[in-house]
Protein chains: 2
Amino acid sequence: MAQSSQKINMADVARAAGVSMATASRALNNDYGVSEATRRRVLAVAEELSYVVSPEASRLAGGATGRVAVVVPHISRWFFAALLEGLESVLRAADLDVLLYHVDGIEDRHDFFRRLPARRKVDAVVVLAFPVGEEEQRRLELMGVTIIAAGGQHAPYPNVSIDDETAGRQAMDHLLFLGHRRIAMIAAVDPDQPDEVQPSGRSNAYYSALRDAGIPVDERLVVTVDWGGDQGADAMAKLLSQPEPPTAVYAHSDEVALGAIRTLRRAGLRIPDDISVIGIDDHPVAELTDLTTVRQPVREQGERAGRMLLDILRGEETEHDVVVPTQLVIRGSTAPPRG
Amino acid sequence: MAQSSQKINMADVARAAGVSMATASRALNNDYGVSEATRRRVLAVAEELSYVVSPEASRLAGGATGRVAVVVPHISRWFFAALLEGLESVLRAADLDVLLYHVDGIEDRHDFFRRLPARRKVDAVVVLAFPVGEEEQRRLELMGVTIIAAGGQHAPYPNVSIDDETAGRQAMDHLLFLGHRRIAMIAAVDPDQPDEVQPSGRSNAYYSALRDAGIPVDERLVVTVDWGGDQGADAMAKLLSQPEPPTAVYAHSDEVALGAIRTLRRAGLRIPDDISVIGIDDHPVAELTDLTTVRQPVREQGERAGRMLLDILRGEETEHDVVVPTQLVIRGSTAPPRG
DNA sequence: TTCGGGAACGGAAACGCTTCCGAAACGACC
DNA sequence: GGTCGTTTCGGAAGCGTTTCCGTTCCCGAA
């Protein structure tokens, strides 16, 4: 009895409601051309029989898939997950299903673009925080569906992101304003992404800020590491091993900054008394650890991308390059240099 | 030319390969009953035409959907995302697509179980870190597909999880071993889950450990808050406002512990000199902040659940209640009490 | 040479819907 | 009352596969 519900199809509903399948279909889809009374009756019967349309048949017969693929690396990192969370919420509200493709590591990546597992399965694909190379773009377009990007840098498709360089400047300018002149940078790169697509805005900000402040660049103060807290810690150790350590550290991300802080603390240095540290992102942990940072609205970027996608799917126009603002958040990890 | 690939179907492939659709289908699916030569020819033609089967038609005609629904709350928290990451990796390796249902908040939850949006769309559903009530179970079963759980507590379906009580005991026993007698507990509940399904193992561990140590319970040392770092901070403040504060704090999770630590630091207290703090989970940040904790293998739980699901989908037997071990990880936030 | 049996393959019926097109019904208007 | 325009509704043709049944073909055994 309960499991018989499995086999109920639209024909059953139509019959039970005393209408044709055509009418049943229209009623179920809220289509035009059904009287209110009939619609209600059909809906009631469907509910009664706990009928659910077969998305496969529906799609096969002409509709859209009602699915969108989301391609995202590093899901277990807050930034990516938050982006996804925002995106998912608006898509789900629009009754679209999210097909998740977690592409981690260079291997996965190649495999994804080669096989295009989402092909023929979705109406659109959203690329989250994922700089796409040229060849990859070409593959993606092979799918013949709408493409949207979010959280990465600009892209050939409609996209939403922050301005990395501006964010970096907000961090650097804060340190400079406090009076720091010997500022180190811990640059983080994603080892899973090819070099040519690594965003460089946050690094550019370092150099342009120093230039504008008339401070010569000391390349010994710049260390580039793979993304990650431990790597940040190592980088800090390297910086501390120099004859003249910095008075402030600008890290490309909060996690990296946290790693640096661990090293400082273990070295017996006090923050911000002995050395200032600033990150970027405003990771939830930043608040818990009193880390000064530059906040970017992450969830919002995902939501925004979702709304843009809905626009396009509806056939409407949408913006192309949306840049959301970032904002300095001053906490306890930065202060003027000693003396 | 490129976009014409959109409209290629199996009939085209069959024609081009000079076989019937039946044979083409068998060849494409590696089915029995096709000569090696024919199979190769069909495959070559398909590749040439860059043909991809329509999953809808395929499913409609009899196959499985090749999709599994994953229901998960709080995606942007590490624990949930890591679980998902593990699960996704094994499902994707098996060529199954993951349909993500992020169910956050009580509202979402009701909506999900009422509408069952995944109905008729998947071959199975995996419930991640999500205690399911009885009525909800009934709804879920209405979908008529395999159900698996992971990261939550035991469930009526095959599931994998840690033993919360054991994990809690590992934490408590560590503090007791160090010589603490005045131990506080910051219990965290998920405000988005109904009371009746809140797991209580971590709390039970507190009481049983004290009992076994012959230490009377002081209810003023137990504070229950909604899950979250800020809430942990508030809880700690409450504990500090008492005439006789604890010498150690057992927090239900690392994030909560971190919040507590922020309060302690702001109060000028030193960790672990003045007060010890221990969490549970081994969140990546725990390592960066030198937090002693009890590690649970999160990603592995997801992977394990994925493998169990594959077993079932293949029609094989699988385990029912898998419990993965937890392990004390001693870092710098715990030490014997002063004096 | 004939016959039986298995492997290889083809025809065609589902699968469950959407939508085009035409028919019927129903008012409104002259 | 007849005509015409709207609505409302039904018939039926797909949509692109899988799979059930046969049929053909080839090879070895009798």
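To find a chain, count down the sequence lines: A is the first, B the second, and so on, and within it residues start at 1.
A 6.0 Å sphere centred on CD of B/Glu47 holds no more than 12 heavy atoms belonging to other residues, nucleotides or ligands. Within 6.0 Å of CD on A/Glu319 lie more than 12 heavy atoms contributed by other residues, nucleotides or ligands. Annotation: B/Glu317, atom CD; neighbour count of heavy atoms from other residues, nucleotides and ligands within 6.0 Å does not exceed 12. Environment of CD in A/Glu316: crowded, with over 12 heavy atoms of neighbouring residues, nucleotides or ligands closer than 6.0 Å.
The residue from A/Val197, A/Val103, A/Asp192 that alone fulfils the side chain to side chain contact (heavy atoms under 4.5 Å, CB included) condition with A/Phe130 is A/Val103.
Under the 4.5 Å side-chain criterion, counting only non-hydrogen atoms from C-beta, A/Val71 is not in contact with A/Leu128.
Residue A/Met21 contributes atom CE, which lies 12 Å from atom C1' of D/dA13 at whole-angstrom precision. If you measure from atom CZ of B/Arg59 to atom P of C/dC15, you get 13 Å, rounded to the nearest angstrom. For B/Met10 and D/dG16, the CE to C1' distance is 8 Å, given to the nearest whole Å. At whole-Å resolution of the value, CG in A/Leu60 and P in D/dT17 are 9 Å apart. Look at CG on B/Asp12: it is 13 Å from C1' on D/dT17, rounded to the nearest Å.
Using modelled atom types and a 3.5 Å distance limit, the side chains of A/His102 and A/Asp108 yield no donor-acceptor pair.
At a threshold of 4.0 angstrom between heavy atoms, the contacts of A/Ser58 are confined to the sugar-phosphate backbone, with no base atom among them.
If B/Ala24 and B/Ala57 are placed on DNA chain C by their nearest nucleotide, the residue sitting closer to the 5' end is B/Ala24. Position along DNA chain D of the nearest nucleotide to A/Val19 versus B/Ser25 favours A/Val19 as the more 5'-ward residue.
Looking only at distances, no side-chain donor or acceptor of A/Asp104 sits under 3.5 Å from a matching main-chain atom of A/Pro73.
Closest approach to the B/Ala22 side chain among C/dG11, D/dA12, D/dG16 is made by C/dG11 (side chain taken as heavy atoms from C-beta onward). Taking only side-chain atoms of A/Asn9, from C-beta outward, the nucleotide of D/dG10, C/dC17, C/dA14 with the closest atom is C/dC17.
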Would you sort out whether A/Tyr51 and A/Asn9 count as a side chain to side chain donor-acceptor pair (under 3.5 Å), showing the intermediate values?
-> CA-CA 7 Å; A/Tyr51 164 76; A/Asn9 57 29; over 6 Å; no
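End-to-end axis angle for the helix from C/dT1-D/dA30 to C/dC30-D/dG1, using five pairs per end and rounding to 10°, comes out at 40°.
Taking 4.0 angstrom as the limit, A/Ser20 places a side-chain polar atom (N or O) nearer than this to OP1 or OP2 of D/dG10. Look at A/Arg15 and you won't find any side-chain N or O under 4.0 angstrom from OP1 or OP2 of D/dG10.
Residues from residues 26-42 of chain A with heavy atoms under 4.0 angstrom of DNA chain D, sorted by number: A/Arg26, A/Tyr32, A/Gly33, A/Val34, A/Ser35, A/Thr38.
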